[in-house]
Amino acid sequence: MPESELPSASPAFDSPGEVAKRLSEVNYLAESDIATTVFLAERLGKPLLVEGPAGVGKTELAKAVAAATDADLIRLQCYEGLDEARALYEWNYSKQLLRIQAAGSDATWEKTHDDIFTDEFLLARPLLRAIRRDDPTVLLIDETDKADIEIEGLLLEVLSDFQITIPELGTVQAARRPFVVLTSNATRELSEALKRRCLYLHLDYPTRERERDIVVARVPGIEATLVDQLVEVVATLRTLELKKVPSIAETVDWARTLLALGTSTMDESAIRSTLGVVLKHQSDQLRAAKELGLPCAGR
Amino acid sequence: MPDADRTALLDHHIAFLDALREAGLPVSLAEGLDAARATTMVEPLDRESLRTAYAATVLKRQGHRPLFDELFDLWFPRAIGEGRGDERQRQEPRVEVTGGRAAPEDARAMRAELAELLFEGDDAGLRQLASEAVARFGEIGGGSAGNASGRGGAASAGTGGTRGKAAGASTGARSWSPNAALDALTPRTLLAGLLRSDAGRDEFAQSLARRAYRERIARFERVVNAEARRRIAEDRGADATAKSVVRPPLDQIDLIGASQAELAALRREIYPLARRLATKKSMKRKRGGAGVLDFRRTIRASLATGGVPVNTRHRPRRPHKPELVVLCDVSSSVASFARFGLLLVYALSEQFSAVRSFAFVDTVEEVTPHFTAADDVADAIYRMEQGLSMRLMGGGTNYGRVFTRFDEHYADAITPKTTLLVLGDARANYVDPAAATFAGLVRRAKHAYWLNPEPRGNWGSGDSAAPTYAEVVEMIECRSMAQLADFVRDLE
Ligand SMILES: Nc1ncnc2c1ncn2[C@@H]1O[C@H](COP(=O)(O)OP(=O)(O)O)[C@@H](O)[C@H]1O
Ligand SMILES: [Mg+2]
């Protein structure tokens with residue numbers, strides 16, 4: 001247990017303020033709670049669980065931390081049916097078969113067995129790859145809620161000891177702990193045990209100020225006044241009862257579209273002709289049109 | 001740091017964690033230790049950093065956040081005058097300040113500042129101003145001069161605050177009133193001036209702006225309310241208040257007694273909730289065990305293992321999707337409950353092989369077409385209400401007549417495959433509940449459930465016919481969104 005509490009080699013950041021600054025240098029604009037939580041996760045050597053709706057910058061946060069710390073990003077994308085063989089490692093059967101055939105009949109089985117259960121025949125998957133690296137690494141376990149619950153047991157094991165036992169090879173202990181980020185869209189609750197292992201950060205839609213800054217950073221050349229109006233309209237849309245609430249990514253897309261169209265102000269016709277960029281459902285467009293007082297948008 | 005201070009701090013930490021646990025947050029020992037370490041790693045005098053340190057370590061569900069914040073505010077109260085940076089440079093005023101003729105002299109400057117903040121949509125600034133407004137104008141009773149300066153340095157930022165002390169001991173009847181603060185500032189009368197500053201823009205832009213200003217003013221009023229509550233709690237002492245402030249999370253709120261704001265928040269939660277439920281339902285169906293062996297796919301898969309069928313393949317089990325008939329009491333007493341039931345059922349309609357729905361008050365009407373025509377449930381509900389020919393308000397529910405009519409007109413709706421769902425409080429207004437007819441409907445269905453939003457203890461009181469119906473149908477107490485969701489999730 002004490003071993004597993006060791007923080008990673010040397011601290012990557014001196015203060016939460018430095019986290020914010022370094023993240024902003026790679027174009028990720030973090031509010032102070034985000035920066036502070038990243039700082040604490042790094043210092044305490046604990047995985048960071050980031051939960052929140054789609055498109056608020058969860059995945060991007062892990063990428064930005066990697067970029068800001070000159071670390072490599074290793075990503076385990078979760079999906080229904082993800083299993084150990086895809087998450088951890090598996091043996092390369094066909095290659096092993098070929099070796100057995102090539103060995104001919106005079107080789108002893110013991111010898112062949114020792115030969116084919118070596119590194120050469122091991123297919124390392126993201127978790128193992130991340131553990132084995134000597135260089136700074138960010139391990140992103142993305143959309144954890146999509147994986148089956150059984151996988152959480154595996155994650156819990158790996159994230160507790162940072163070691164993986166391969167029966168044929170022995171135990172692989174992390175030479176250097178990766179900085180681990182798990183994300184979840186909260187389509188279901190993750191297990192209590194896994195949550196207890198992690199620090200928790202809820203990411204939500206940004207404040208207007210931050211969203212304004214994000215758009216300006218992501219869409220160079222856009223007019224500040226247009227951004228103000230855009231952000232205001234998006235904030236209004238988020239208060240409506242919609243099937244799919246617009247995310248940061250959609251605000252950014254909308255800004256790009258408006259810039260490409262040479263729009264200078266968010267007037268009725270600009271909104272009407274581009275609403276589809278932010279609202280994908282016909283019913284959401286109709287509702288928004290009604291609430292915003294657009295005569296017949298979304299057609 | 002002297003040892004005594006350290007001990008006091010630690011005591012404070014432990015008491016805070018205890019309060020969280022008492023309020024229902026499951027903080028483990030290990031998490032408590034993480035929190036203790038985390039708090040030493042952040043700027044100790046920065047209250048928000050401290051809040052983040054605790055939130056990151058002991059809070060693992062966003063649903064617990066409001067509770068957490070409320071308790072944090074009690075245990076780590078804000079220092080007097082903290083929060084508003086004097087460094088804030090006021091530029092030239094850009095907004096005409098309207099209204100406020102009756103405002104006290106010292107409220108004038110604050111109104112002007114409020115107008116600017118509303119104009120900019122500066123949320124952080126608005127929060128700070130709200131806090132100051134309550135301090136200056138919100139104090140009532142207690143014989144104080146209505147000025148916060150008399151409070152002395154009761155609390156300090158960060159870890160130094162002494163739990164439960166605040167200023168409560170020195171004042172008898174002092175309290176804080178959000179209305180007193182709002183009366184001094186009359187934020188709504190600023191709207192005219194705000195709108196005038198947009199006069200040059202086109203009509204549509206103005207209508208957007210109007211909407212935005214209204215929303216900001218409403219937000220400001222909410223923050224003032226919250227701030228007054230916080231101060232009251234602070235005066236009463238954290239220990240005493242902790243228990244009473246503990247409000248249930250949104251999904252535990254009693255649907256019958258919910259406020260408008262809570263209902264609106266719940267409606268926004270419907271789609272995310274439906275998505276979560278749909279995931280659970282489909283996962284559950286898949287986990288329901290493997291179906292029969294799929295021979296072809298097993299052989300194909302075995303090619304990878306030299307013809308040895310290591311992994312067998314199975315056909316998916318035929319998903320079992322129930323056919324649903326929903327009968328909803330839409331009378332005013334239980335309207336919000338029935339609506340949430342309908343919303344949820346239709347938001348999940350892919351999980352059922354068919355859904356037919358009927359609304360009733362004094363008689364019953366089929367409302368299915370409203371839901372199949374629109375792909376937006378909230379819209380459908382609105383249209384349903386417009387389309388209903390019966391009186392929604394005031395009229396008492398006539399369960400007896402409703403079941404009789406239903407039996408006469410829609411008998412074919414119920415088949416041996418049907419799951420029948422009744423949503424209502426079973427308050428039959430002292431007319432014949434037609435229990436035998438209802439029992440007949442139940443008998444013809446495969447399953448039947450009655451969701452009653454009243455507490456079980458009230459069943460049978462007054463005009464409630466709940467016990468009568470409960471004899472022939474499984475009646476389930478269903479008072480909150482969480483209970484509703486649990487029921488729908490397990491519905492087979
Ligand atoms: N804090 C941020 N700073 C800059 N851009 C951001 C930020 N948050 C989100 N974005 C933008 O939003 C997009 C979507 O974010 P993403 O991480 O994919 O969302 P999620 O993983 O939460 O679904 C990113 O590609 C990025 O352009
Ligand atoms: Mg993502």
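In this text the structure is predicted, and so the values were computed from the model without any measurement. Below, read A as the first sequence line, B as the second, and so on, with proteins coming before strands; counting in each chain starts at 1.
When the shell of 6.0 Å around CD of Glu18(A) is examined, it contains more than 12 heavy atoms from other residues, nucleotides or ligands.
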Inset, instruction - Could you give me the CA-CA distance, side-chain angles and deciding distance for Glu189(A) and Lys60(B), then say whether salt bridge (charged side-chain N to carboxylate O under 4.0 Å, His left out) is met? - result: CA-CA 10 Å; Glu189(A) 290 286 348; Lys60(B) 303 288 160 89; over 6 Å; no
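Contact record, Ala56(B) with Thr37(A): CB-CG2, 3.7 Å, taken as the closest heavy-atom pair. The two residues Arg211(B) and Glu291(A) come nearest to each other via the heavy atoms NH1-O, 3.0 Å. Counting all heavy atoms, side chain and backbone alike, Thr52(B) lies closest to Asp33(A) at CG2-O, 3.5 Å.
If you measure heavy-atom distances from Arg196(A) to chain B, the contacts under 4.5 Å come from both the backbone and the side chain. Only the side chain of Glu31(B) comes within less than 4.5 Å of a heavy atom in chain A; its backbone stays farther off. Neither the backbone nor the side chain of Lys244(A) comes within contact range of chain B, judged by heavy atoms closer than 4.5 Å. For Ala53(B), the parts sitting under 4.5 Å from any heavy atom of chain A are the backbone and the side chain alike. Contact annotation for Ala41(A): neither backbone nor side-chain heavy atoms come within less than 4.5 Å of a heavy atom of chain B. For a residue to count as touching a neighbouring chain, one of its non-hydrogen atoms must lie under 4.5 Å from one of that chain's; by this rule Ala38(B) touches chain A with backbone and side chain alike. Only the backbone of Arg238(A) comes within less than 4.5 Å of a heavy atom of chain B; no side-chain atom from C-beta onward does. At a 4.5 Å heavy-atom cutoff, Val245(A) makes no contact with chain B through either its backbone or its side chain. Of the atoms belonging to Leu242(A), it is backbone heavy atoms, and not side-chain ones, that fall under 4.5 Å from chain B.
Checked for salt-bridge contact, Arg61(B) and Glu192(A) meet the test: a charged N lies under 4.0 Å from a carboxylate O. Ionic pairing of Arg216(B) and Glu232(A) is present here: one or more N-O contacts between side-chain nitrogen and carboxylate oxygen are shorter than 4.0 angstrom.
Comparing Cys198(A), Ala235(A), Ala35(A) by how many heavy-atom pairs each has under 4.5 Å with chain B, the most go to Cys198(A).
For the atom pair OG1 of Thr36(A) and CG of Leu50(B), the computed distance is 10.5 Å after rounding to the nearest 0.5 Å.
In this structure, Met41(B) and Leu40(A) have side chains that are in contact, with non-hydrogen atoms separated by less than 4.5 Å.
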